[in-house]
Each structure stands twice: as C-alpha cells, then as structure tokens.
Number of protein chains: 2
Amino acid sequence: MDLPSKILQEAVDQLSTLPGVGKRSALRYALHLVRSDEHEVRDLSEALLRLKTDLRRCRYCHNLSDTEVCPVCSSEKRQKGIVCVVENVQDVMAIENTQQYRGLYHVLGGVISPIDGIGPQDLEIASLLHRIQTADPAPVEEVILALPTTMEGDTTNFYINRQLQPLGVRVTTLARGVAVGDSLEYADEITLGRSIVGRIPFNQ
Amino acid sequence: MDLPSKILQEAVDQLSTLPGVGKRSALRYALHLVRSDEHEVRDLSEALLRLKTDLRRCRYCHNLSDTEVCPVCSSEKRQKGIVCVVENVQDVMAIENTQQYRGLYHVLGGVISPIDGIGPQDLEIASLLHRIQTADPAPVEEVILALPTTMEGDTTNFYINRQLQPLGVRVTTLARGVAVGDSLEYADEITLGRSIVGRIPFNQ
C-alpha cells in the first residue's frame, strides 16, 4: 500500500515491528493517533520510552521493577525462604494472580536452548546460586522449579537441580495433572499419566 | 492483572487506547519493547510523536501530507479538472491502489451524521466549494461523489450535490453493482438491482 506521507509510512513501519501487528493494523493505529489530541500521543510516546529509560530489574529476583528491590522481594509478608524459579515476567504475574503463593521469585529471563544459542551463562542462574550462597536477602530453604514442560525447560531444570545439590536446599517442582474442571476423557495421555503417578492422599 | 511496576502499567494503559488493542496485547507489546534496544524504542516513540508534530493536511485536498501541498495535488501528471470527494484518508489510498484514477481528491474528514453531532460545518465542504469557486489550484469540471452508501453518506451526497448545482460542475458518483468475480446467486438484492438499473452498453 502506498501511503501519502513519509511520516505516516515511518510510523506504520515502526508500529508493525510490534509482535503480531501487520501493516493494516499499524495503519489503523497510526490514523487513530493522527485523530487524537497531541497530549494523548505525547503521553503514549513518553510511556513507551520510559520502558527503556526508567524501568529496571529487581536486584534479587530480576523481575521488572520501578525500584532497586521489587515490592515482592521487599515485602515483610512474604516467606523469604522459598524461591520460585520461572522463565519470565509473565510467569510471575500468572502465579501472583492465583494468590496462592507467598514466597519469592527468581526470573531466569529464558531457558537453556542450544538451538537459539542460549546457554546457562545467558540466564540468571549464577545470580540464583549467589543468592542462595550469600543468603541475601534471606536464607533459602526451598527452590521451586516452575519452568515450562518443554525439552528446553526440562534441560534447564536438570541443569539448575545439579547446581543446587551441593547447596543443601530442598528442590521441588510444580504438580502436573489434569486441570480442575477437565474431564479425564479429553485429557492428553502424558498429563493423565502424570496425574496417576503423582497421586496424592485424598485427605490432604 | 496486577503488574509489578507502575511504569509498565502506564505503558500498557497507553497502548490499550489503540483501537482493537486489549490489555493482553498491550502487555505483549510492552514486554516486547522492554526486550528491545533503547534506540528501537526511541525510534518508535519519536515516529508516533511526529504524527502530531510534523504531519499536516494538504491545503487543497486535506489529505495527510508531509508538505503544504500533497504529491497528488502538486503532480503535473494528474487531471486537475476532476475532483473525487471521499470520506477519509483510507479511501484515497484505496482508490490510488486501483491505479485507475488520474484526477485529484477532496477529503471531507467524515460524513454528515446528526446522531454523532457532525454537521456540514464540521467537514471540509466549504473548502470544496471555495476550491471550485476560486479555481485554485485549477478549474474544476467534474466532481465525483465517492462517499459510503450509508444513510449518512447519502445525506452528505445530497447536501453537496445541492451546493454544487449553482457552480455549473458535472457531478457524478461511483458505479455500484455486482463485484467482479462474484456470482449473481450470492449478490445482495440491492446491489444486483443497481447493477440491472445501471446497466451499460456491452461494447463500452
């Protein structure tokens, strides 16, 4: 599509770098902004830039944070002896939304994936070990591995577990099984198999 | 969803003001930007702002333009005696993409819609009449009304046609009919009816 203006073209090109945004949606967004008030576009423009200039990572858990230590790590109400290891920021949000977890997190920033050239040194694994060794911000008793159940996730679990063994912390992982509300008939066999093998006492 | 950071929250809120963008997509865009390089985010941020600060409207046709007179109005190759009246910028792009039209445009910026409080004075109708009366940038022989076939579009056509009568220009409108490649069986009856009433010589 030929656009009547280079400025519009540039905005469309920039917007279509966003994930899942094609040229047509980008044009729709751009024309919406053309019709908006200047202060609204300025607010958007500045909010996006602040993502790079002002947003940072918590020095302990490496989750996104406005401050040096994130609200979770600095909260008095959290159990600081439990650390849940997750792949990314979205995983922290998903677990926080359950309101079932009161421990801390450790965001790896990815999983080991040789095919993408991502090794242990590209992830926040050394900082996890350091955090346990120095008991900073608190002594760690349990590490929960909550990485995805993919080959990369399993590899990363295995790697971290081996590094953790000499440190004397308990290592656990998420229970896998048939989802609440799902019928057995439609569960995939691997999940159903794990539900049976990992069965728990009825009165727990 | 509770986000871990006010800066992230603000970016998500801003992004979800874009048309058709929900909180989930906005979060995906924001996290993509967090992972991008700062110069990329700066380029996006500045391109959006330039939509308000640098982009303008052509003084003749009111299409978006980088310059005071847009490339179409200033082109030596266009037939300046024909003006096609359209609702918005996207309509100009759609007609330009056909590569069948060599005249000029006039972008109204909307259609008359009393229910939305949009009257003739909110649209570029006076400037259309002025353009014809003053023959600036060129004398106009024909005005093509290419507004949408909605009640509002028809009302606007009717209004403009009445204003144009005293000026002695030829007023035409787009041919409506069954689309090329469509079978008659599945055409809606209004469109098929217009195709029959507006039939043309076979050898044209």
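All values below come from the heavy atoms of this structure, side chains included, with hydrogens, waters and symmetry mates left out. In what follows, chains are A, B, ... by sequence order, proteins preceding strands, each numbered from 1.
Using a 4.5 Å cut-off between heavy atoms, Asp66(B) contacts chain A through both its backbone and its side chain. For a residue to count as touching a neighbouring chain, one of its non-hydrogen atoms must lie under 4.5 Å from one of that chain's; by this rule Glu38(B) touches chain A with backbone and side chain alike. Residue Asn88(B) does not touch chain A at all, counting heavy-atom pairs closer than 4.5 Å. Neither the backbone nor the side chain of Val72(B) comes within less than 4.5 Å of any heavy atom of chain A. With a 4.5 Å cut-off on non-hydrogen atoms, Pro71(B) touches chain A through its side chain but not through its backbone. With a 4.5 angstrom heavy-atom cutoff, Leu48(B) touches chain A via backbone and side-chain atoms both. Looking at Ser36(B), only its backbone comes within 4.5 Å of chain A, counting heavy atoms on both sides. For Asp13(A), no part lies under 4.5 angstrom from a heavy atom of chain B. Residue Asp43(A) touches chain B through both its backbone and its side chain, counting heavy-atom pairs closer than 4.5 Å. If you measure heavy-atom distances from Ala30(A) to chain B, the contacts under 4.5 Å come from both the backbone and the side chain.
The choice from Val41(A), Val12(A), Thr67(A) that makes the most heavy-atom pairs within less than 4.5 Å of chain B is Val41(A). Contact count against chain B (heavy-atom pairs under 4.5 Å) is highest for Gln14(A) among Gln14(A), Arg42(A), Glu10(A), Lys6(A). Interface summary for chain B: among Ala11(A), Ala94(A), Ser25(A), Pro19(A), the most heavy-atom pairs under 4.5 angstrom belong to Pro19(A).
Taking CG of Leu31(B) as the reference point, atom CD of Gln90(A) lies at 4.5 Å (rounded to 0.5 Å). We find the CG-CG distance between Leu15(B) and Leu15(A) to be 9.0 Å, quoted to the nearest 0.5 Å. In this structure, CG in Leu64(B) is found 9.5 Å from CG in Leu3(A), a value given to the nearest 0.5 Å.
Glu87(B) is linked by a side-chain hydrogen bond (donor to acceptor under 3.5 Å, both in side chains) to nothing, counting only residues two or more places apart in sequence or in another chain.
Remark: the backbone N or O of Ser65(B) is not paired with any side-chain donor or acceptor of Ser5(A) at under 3.5 angstrom.
Sparse packing is recorded around CZ of Arg170(A), with 12 or fewer heavy atoms of other residues, nucleotides or ligands lying under 6.0 Å away. In Glu189(B), the CD atom is not crowded: 12 or fewer heavy atoms of neighbouring residues, nucleotides or ligands sit closer than 6.0 Å. Other residues, nucleotides and ligands contribute over 12 non-hydrogen atoms within 6.0 Å of the CD atom of Gln165(B). Other residues, nucleotides and ligands place no more than 12 heavy atoms under 6.0 Å from the CZ atom of Arg194(A).
Within residues 49-56 of chain B, the residues that have a heavy atom under 4.5 Å from a heavy atom of chain A are Leu49(B), Arg50(B), Leu51(B), Lys52(B), Thr53(B), Asp54(B), Leu55(B), listed by number.
Side-chain contact between Arg57(A) and Val34(B) is present, with at least one heavy-atom pair separated by less than 4.5 Å.
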